[in-house]
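Heads up: the structure comes next, in structure tokens.
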There are 2 protein chains.
Amino acid sequence: MRTRLRCEAYHIFFKNLANGVKTDIISALKKKSMSVNELSKELDIEQSKLSHSLANLKFCNLVGSKQIGKKRIYSLNKKTILPILKIIDQHREKNCEGCKLKK
Amino acid sequence: MRTRLRCEAYHIFFKNLANGVKTDIISALKKKSMSVNELSKELDIEQSKLSHSLANLKFCNLVGSKQIGKKRIYSLNKKTILPILKIIDQHREKNCEGCKLKK
DNA sequence: TATTCATATGAGATACTTTTCATATGAGAA
DNA sequence: TTCTCATATGAAAAGTATCTCATATGAATA
């Protein structure tokens with residue numbers, strides 16, 4: 001997201017989720033809030049990569065954070081994320097039986 | 001989306017929406033189902049560009065289509081899309097007041 | 001206030017998506 | 001069975017995001 005873009009457009013929101021690292025972060029934070037290091041161990045993803053992704057997610061308030069000592073604990077905005085994931089799960093049950101793989 | 005990817009991952013779903021052309025298509029089809037040409041006029045977007053985007057959206061069953069004469073009429077999968085857009089709208093009302101622009 | 005742990009940031013390289021344009025296919029009418 | 005309208009497709013070019021790595025910042029403690 002290098003260009004200056006209006007936050008009002010839906011696709012900005014989706015861009016922030018359209019990436020494996022970010023959806024992995026979301027899945028992990030669904031279980032419990034975690035620091036960057038904890039996420040790094042849990043997901044086996046390098047620290048700065050996580051920080052970059054977390055900055056994006058935070059910009060759109062899809063995650064929040066609070067400083068505890070040296071650590072910064074990230075938490076999921078469950079109010080927004082969980083219902084969306086639920087809709088996608090239902091969509092997939094209905095529509096994605098035949099489509100296991102995408103070219 | 002060139003590589004072969006599992007459709008189960010959430011980010012595949014979001015990728016399909018993380019683009020202005022696609023969200024514009026969605027907004028247009030929210031009002032009424034349309035052929036490619038109608039969309040092209042309505043949105044002032046070139047035909048082949050629309051076809052490419054529509055193919056992606058259709059792959060994930062976010063739109064459907066039916067052939068009528070020479071025309072192919074595309075329609076929105078409202079059951080999935082509308083509730084998601086609603087959640088995003090609510091999210092933005094709450095969270096995006098200060099964030100008009102994104103670098 | 002130097003050191004260490006924890007996280008963030010910048011910039012170049014890499015990878016991926018989207019656009020563009022030329023062309024192919026498909027459906028119906030002449 | 002050709003012509004025309006409507007849409008789809010492929011491949012190269014253009015645009016954009018992500019990754020990587022080196023380094024900066026920030027918080028706490030010795």
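Values reported hereafter were calculated over all heavy atoms of this structure, with side chains retained and with hydrogens, waters and symmetry mates removed. A, B, ... follow the sequence lines: proteins, then strands. Residue 1 opens every chain.
Distance A:F59 CZ to C:dA8 C1': 17 Å, rounded to the nearest Å. Atoms CD (B:Q47) and P (C:dC21) sit 13 Å apart, rounded to a whole Å. Rounded to whole Å, atom C1' of C:dT19 lies 15 Å from atom CG of B:L54. Atoms CZ (A:F14) and P (D:dT16) sit 20 Å apart, rounded to a whole Å. For the pair A:K66 NZ and C:dT7 C1', the computed distance is 17 Å after rounding to whole Å. Rounding to whole angstrom units, CD of residue A:E46 and P of D:dA22 are separated by 11 Å. When the P atom of D:dA6 is taken as reference, atom CG of B:L39 falls 14 Å away, rounded to whole Å. With rounding to whole Å, A:L17 atom CG is found 11 Å from D:dT18 atom P.
For C:dA8, neither phosphate oxygen OP1 nor OP2 lies less than 4.0 angstrom from any side-chain nitrogen or oxygen of A:K58. The side chain of A:K71 places no N or O atom within less than 4.0 Å of a non-bridging phosphate oxygen (OP1 or OP2) of D:dG26. Contact check, B:N37 against D:dT7: a side-chain N or O comes under 4.0 Å of OP1 or OP2. Under 4.0 angstrom from either OP1 or OP2 of C:dT7 there lies at least one side-chain N or O belonging to A:S35. The side chain of B:K70 places no N or O atom within less than 4.0 Å of a non-bridging phosphate oxygen (OP1 or OP2) of D:dT4. Listed pair B:Y74 / D:dA8 meets the phosphate criterion, a side-chain N or O lying under 4.0 Å from OP1 or OP2.
With no hydrogens or angles considered, no side-chain donor-acceptor pair links B:S40 and B:E38 at under 3.5 Å. Side-chain contact check for B:Y10 and A:D89: at least one donor-acceptor pair (N or O, by modelled atom type) lies under 3.5 Å.
Nearer to the 5' terminus of DNA chain D, by closest-nucleotide assignment, is the contact made by A:V21 (compared with the other of A:V21 and A:I68). Where B:G69 and B:K49 meet DNA chain C, the nucleotide closest to each residue was compared, and B:K49 sits on the side nearer the 5' end.
Closest to the side chain of A:N56, out of D:dT9, C:dA8, D:dT18, is D:dT18. Closest approach to the A:K22 side chain among D:dA8, D:dT18, D:dC21 is made by D:dT18 (side chain taken as heavy atoms from C-beta onward). Comparing atom distances between the B:R72 side chain and each of D:dT7, C:dA8, C:dT20 picks out D:dT7 as nearest.
B:L29 pairs with exactly one of B:L76, B:I81, B:L57 by the side-chain contact (heavy atoms from CB on, under 4.5 Å) rule, that one being B:L76.
You'll find a donor-acceptor pair under 3.5 Å spanning the side chain of B:S48 and the base of C:dC21, going by distance alone. Side-chain atoms of B:Q67 and base atoms of C:dA27 include no donor and acceptor less than 3.5 Å apart. In this model, a side-chain donor or acceptor of B:H52 finds a partner on the base of C:dT20 within 3.5 Å.
Once rounded to the nearest 0.5 Å, the distance linking CG of A:N19 with NE2 of B:H11 reads 7.0 Å.
Under the 4.5 Å side-chain criterion, counting only non-hydrogen atoms from C-beta, B:H91 is in contact with A:L62.
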- Message: As a quick check of understanding, evaluate side chain to side chain contact (heavy atoms under 4.5 Å, CB included) for A:N61 and A:T80, giving each step before the final call.
- Response: CA-CA 9 Å; A:N61 283 292; A:T80 294; over 6 Å; no
